[in-house]
Structures are given as structure tokens and as C-alpha cells.
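Below is one structure, written out as C-alpha cells, with a few remarks after it.
Atoms within each ligand, like the ligands themselves, are counted from 1 in listed order. Sequence positions, counted from 1, serve as the residue numbers for this chain.
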Amino acid sequence: MTGHEVVVVGGGCVGVSTARHLARRGVDVAVVEKEYALAQHQSGRNSGVLHPGFNYEPGTLKARFAVEGTRRMKTYCAERGVPVDECGVLVVAQNDDETDRLYDLKEQADENGAEARIVDGDFLKEREPHAEGVAALHAPGAASVDSRKYVHALAGDAEADGAGFYMGHEVSDATRDGDGWRVRTDKGELDAEYVVNAAGLYADTLARKMGAPTKHRVVPFRGEYYELEPDATDLCRTMIYPTPDPELPFLGVHYTRRTDGKVIVGPNAVLAFGREAYTNRSVSFRELFGTLSYTGFWRLISSRKMLGVAWDELNKSYRKSRFVKAAQRLVPEATADDFARSYAGVRAQLVSPDGELVKQPLVEHAEASTHVLNAVSPGLTCSLPFGEHLANEAEERL
Ligand SMILES: Cc1cc2nc3c(=O)[nH]c(=O)nc-3n(C[C@H](O)[C@H](O)[C@H](O)COP(=O)(O)OP(=O)(O)OC[C@H]3O[C@@H](n4cnc5c(N)ncnc54)[C@H](O)[C@@H]3O)c2cc1C
């Protein structure tokens, strides 16, 4: 049996960033990942946007991590040759109410120290000739990044500093063994003095198996994307977002120019019938039962507003015309023929027993372990400071 000071479960951006920070300090750390490649779930199936911090409540951990994370990730990616396109984002308002909300975002940006300004429709047309709106918030610090290459770069650094990687090892559970842990995988056991659970969509399940007191549960929400056909990619030059609804955790269908030149449109947000259910035909009955038997889920969808949103999002999933209609709100010239189905990701949305969507990063500590229960979006943007924070916690508690 092999042993390590720290075992990190999960080879996404949070787990690998934590391992990289620990390895750098000389800690004997290993990442255990059930897939044979890194970043196969949320960290490789997202919009790849560095969110510079205008959309987050000032003074929160999320705001601090997003601002710092954007800055640090740009530097890191430049040093390590990871593709980044610092194209900025335009958050578009269609009416006076939305314009008022842009001013709220601008205030938040100022408080958070993120660069942003309100621009008029002419500026919008100059930057994005096909976008329609009366005003926009321009945040030049937003960028597009290749998230898989980023995670691989982090892993390369961690490995160079001595971190181990157990790929294709699925952790079934872990039990206390003296002061540490015996971590069981489908390919054998590992000893650890400390465990960092960064298992993303399964973090709450593993936390409970390890005896952590969490009452929250992950409810999986799939985000589906279309992409613009190659001859239509001129419809979006940078990134075009709708004005967000402050009550919802999801940003709404938006346009993102990726570092490979593709323009992706989405994601929507629809209940997934399994934690890794990437299509609307894919079902895990056990996991679906887990969601449907959770009172927090029913409390969440019991509000009129959430029911309306859920219905709308479901329609966008099953009917292309509904998705296209949402996208046309930002770019009216786009036609259904311009959109081709693309990939999907599943968000690990943590929901409290009283039906609240947990909007801040949430970490729970238990005996010789740290459980990352909510690496909520923009978890990719936040991953450098978040991983460092987790490494600090693990090192202090070792
Ligand atoms: C559709 C979508 C769009 C998004 N867009 C953005 C964006 O534009 N910008 C941004 O900053 N953030 C974005 N996010 C959020 C961001 O992707 C996540 O917050 C982040 O990737 C979470 O990383 P993670 O390491 O916690 O989880 P994951 O990437 O899911 O990693 C967890 C890992 O744990 C492994 N694992 C699970 N169970 C076990 C087990 N039992 N044994 C071993 N391994 C296990 C999994 O295989 C997985 O590799 C988006 C997310 C989604 C889904």
C-alpha cells in the first residue's frame, strides 16, 4: 500500500490547483482521479471565461477569488503557454430596467476593484456590430481560456514538484486509520494523513461517506451549448452577455468566442437526470432518486419564479427554436441555421435543506479532512486563489 501526507480526490481545476500549491511547498501529495484524463467534467466542460469580478457581491470570498483569480490566471497562462484571449465582455441591456441593473453591476465592479464602464448603443455596435441593445457594461478584463490545457499545465507543475497522480482510480470511500485515513479505490488502497475532497459533482456524497456533517446536497444542472456554424462566427467578435437576473445563479444564454476561434452559445440550465448526464436521454435512476427524495430540491422549485425558470430552461433544452429565440435577443440577425448542437457540462449546484441555492464557495472541515462542497461558478476563474486557500488549510491542519 502506498501512503501520502495529503491525498486530493478529484482531478479538476480545484483539486489540481490545491495539489500544485501543496507540492510546491514540499508536501507529499497525490491526486486520485476516477477518469483516465484530467478535467473531464466541470473543469473541461464549461464556457472557459475568466470572470473579472463585476457580477459578485463585494466583500465576499467569491468576489475576492474572482478578481485575484482572473489576474493570476492570465499571468500563469502567459508563462505556461496556455491559450488566453483577453477580449473583454459586453453585458447588454435591452431596456431601462436592465440599464439600471448595469449601473448596479458597475458599482459592484468598482467596489471589487474590477475595471468596467457603461457604454452606449453606438459603442456596442462598434465593438459588436450584430449585437442589439440600448447600453452595455464593458468589462475589458474578461478573457477566454482553454480550461483543459490550463489544468494540464497545473498538473505538469505539480508533478515536477513531486506530486503523484493516480488516474483511473475511483474512490469508493475512506475510513479513519489511526490519525489518518485509509482511502479505498477500485484499484486498491492508499494511506493519507489528510484528505482534500475536491470531487466536484460527487463531493457531497464522498463527504457524507467520510463522516462529514454536511446536510447540503449537490443538485446537478446541465448546461447545454450550441456553437455558431463556421460561416456565422462573425456574429460575435468577443463575448456578449445578457444582463443577469440577480436572483438567479446562472448567467443566461450568452455568446463566447473561445480561444480556438469557435463561438459557443449557451449554456441553459436544466435539471440533469444524473450527475454526469450530459444529454437529455442519459439517466442515472439512483442519482435521480437522490435528487427527487431531497426536500431541499422540492423547496427550491416550489417558488413560482423557479418553476417558471425551470419550464423555460427545459423548453430551451428540448426545442431548438426556444434556445435560438433566447440567443436572438442578443443577436437578432442570427438564424436557426447558424446554430449547431455542441457540448454540455453539468454544474454541481449545492442546495441547502431549506431550498436555497448556495452561491458562495463552501468548504467544510472534518477530522483530518477538508471537503470542497461548493466550487461554484466561476470556479475555474477562482481556482488559483481557491486552491492556495485549500492548501493553506490542509497544511495548517496536517
Ligand atoms: C456549463 C458550465 C459552464 C461554466 N462556465 C464557467 C466559466 O465560464 N468560468 C468559470 O470560471 N467557471 C465556469 N464554470 C464553473 C467551473 O467549471 C467549476 O466551478 C469548476 O470547474 C469546478 O472544478 P472542480 O475541480 O471543483 O470540479 P470538477 O472539474 O468536476 O472536478 C472534480 C473531479 O473529481 C473527480 N471525481 C469525482 N468523484 C470521484 C471519485 N469518487 N474518485 C475519484 N475522482 C472523482 C471527477 O472525475 C472530476 O474530474 C462552469 C461550469 C459549468 C458546468
Check Val346 against ligand 1 and report side chain, backbone, both or neither, counting heavy atoms closer than 4.0 Å.
-> backbone
Heteroatom distance test (Ser43, ligand 1): nitrogen or oxygen, under 3.5 angstrom = yes
For the residue pair Asn280 and Val270, establish whether any side-chain heavy-atom pair is separated by less than 4.5 Å.
-> no
Element-labelled atoms of ligand 1 that are located less than 4.0 Å from some non-hydrogen atom of Val32 = 43 (C), 44 (N)
Give the residue and atom name of whichever protein heavy atom lies nearest to atom 8 (O) of ligand 1, and the separation in Å to one decimal.
-> Val49 N, 3.0 Å
Does Arg258 pair with Asp260 as a salt bridge, N-O distance under 4.0 Å?
-> yes
Among Arg275, Glu170, Lys209, side chain to side chain contact (heavy atoms under 4.5 Å, CB included) partner for Tyr202 = Arg275
Can Arg222 be said to touch ligand 1, with heavy atoms closer than 4.0 Å?
-> no
For Val9, atoms of ligand 1 separated by under 4.0 Å from a heavy atom | 42 (N), 43 (C)
Atom 49 (O) of ligand 1 - nearest protein heavy atom and its distance | Glu33 OE1, 2.6 Å
Atoms in ligand 1 with a heavy atom of Gly379 nearer than 4.0 Å = 11 (O), 12 (N), 15 (C), 19 (O)
Between Gln94 and Thr243, do the side chains contain an N or O donor and an N or O acceptor separated by less than 3.5 Å?
-> no
Nearest non-hydrogen protein atom to atom 41 (N) of ligand 1, with distance, is Val171 O, 3.0 Å
Would you tell me whether Thr279 and Arg222 have side-chain atoms, one donor and one acceptor, within less than 3.5 Å of each other?
-> no
Nearest to atom 5 (N) of ligand 1, what protein heavy atom do you find, and at what distance?
-> Ser47 N, 3.2 Å
Atoms of ligand 1 under 4.0 Å from any heavy atom of Tyr225, numbered from 1 in the order shown, are 1 (C), 2 (C), 3 (C)
Element-labelled atoms of ligand 1 that are located less than 4.0 Å from some non-hydrogen atom of Glu35 = 47 (O)
Sidechain N-carboxylate O distance under 4.0 Å for Glu98, Arg329 | yes
Which ligand 1 atoms does Arg347 reach within 4.0 Å, using its non-hydrogen atoms?
-> 52 (C), 53 (C)
Which protein heavy atom lies closest to atom 6 (C) of ligand 1, and at what distance to 0.1 Å?
-> Asn46 CB, 3.8 Å
Arg208 side chain reached by Asp204 side chain, heavy atoms, under 4.5 Å | yes
Run through Leu350, Leu373, Thr205 and flag the one making a side chain to side chain contact (heavy atoms under 4.5 Å, CB included) with Thr214.
-> Leu373
Proximal ligand 1 atoms for Cys13, defined as those under 4.0 Å from one of its heavy atoms = 20 (C), 21 (O), 23 (O), 25 (O)
Rounded to the nearest 0.5 Å, what's the gap from CG on Leu61 to OH on Tyr56? Could you check?
-> 13.0 Å
Qualifying residues under side-chain contact (heavy atoms from CB on, under 4.5 Å), relative to Glu313, sequence neighbours excluded | Asn268, Ala269, Val309, Lys316
Looking only at protein heavy atoms, identify the closest one to atom 14 (N) of ligand 1 and say how far it is in Å.
-> Ser377 OG, 3.5 Å
For ligand 1, the portion of Ala198 having any non-hydrogen atom under 4.0 Å away = backbone
Less than 4.0 Å between a side-chain N and a carboxylate O, is that true for Glu132 and Lys125?
-> yes
What residue and atom, counting heavy atoms only, is the protein's closest point to atom 16 (C) of ligand 1, and at what distance?
-> Leu380 N, 3.7 Å
Side chains of Val346 and His41 in contact at under 4.5 Å (non-hydrogen atoms) | no
Taking distance alone, with no angle check, do Pro378 and ligand 1 share an N/O pair under 3.5 Å?
-> yes
Quick one: which ligand 1 atoms are inside 4.0 Å of a heavy atom on Arg45?
-> 1 (C), 2 (C), 52 (C), 53 (C)
For Ala375 and ligand 1, does the shortest N/O to N/O distance drop below 3.5 Å?
-> yes
In the protein, which heavy atom is nearest to atom 44 (N) of ligand 1, and how far is it?
-> Lys34 N, 3.1 Å
Does His169 have any side-chain hydrogen bond (donor to acceptor under 3.5 Å, both in side chains) partners at least two apart in sequence or in another chain, and if so, which?
-> none
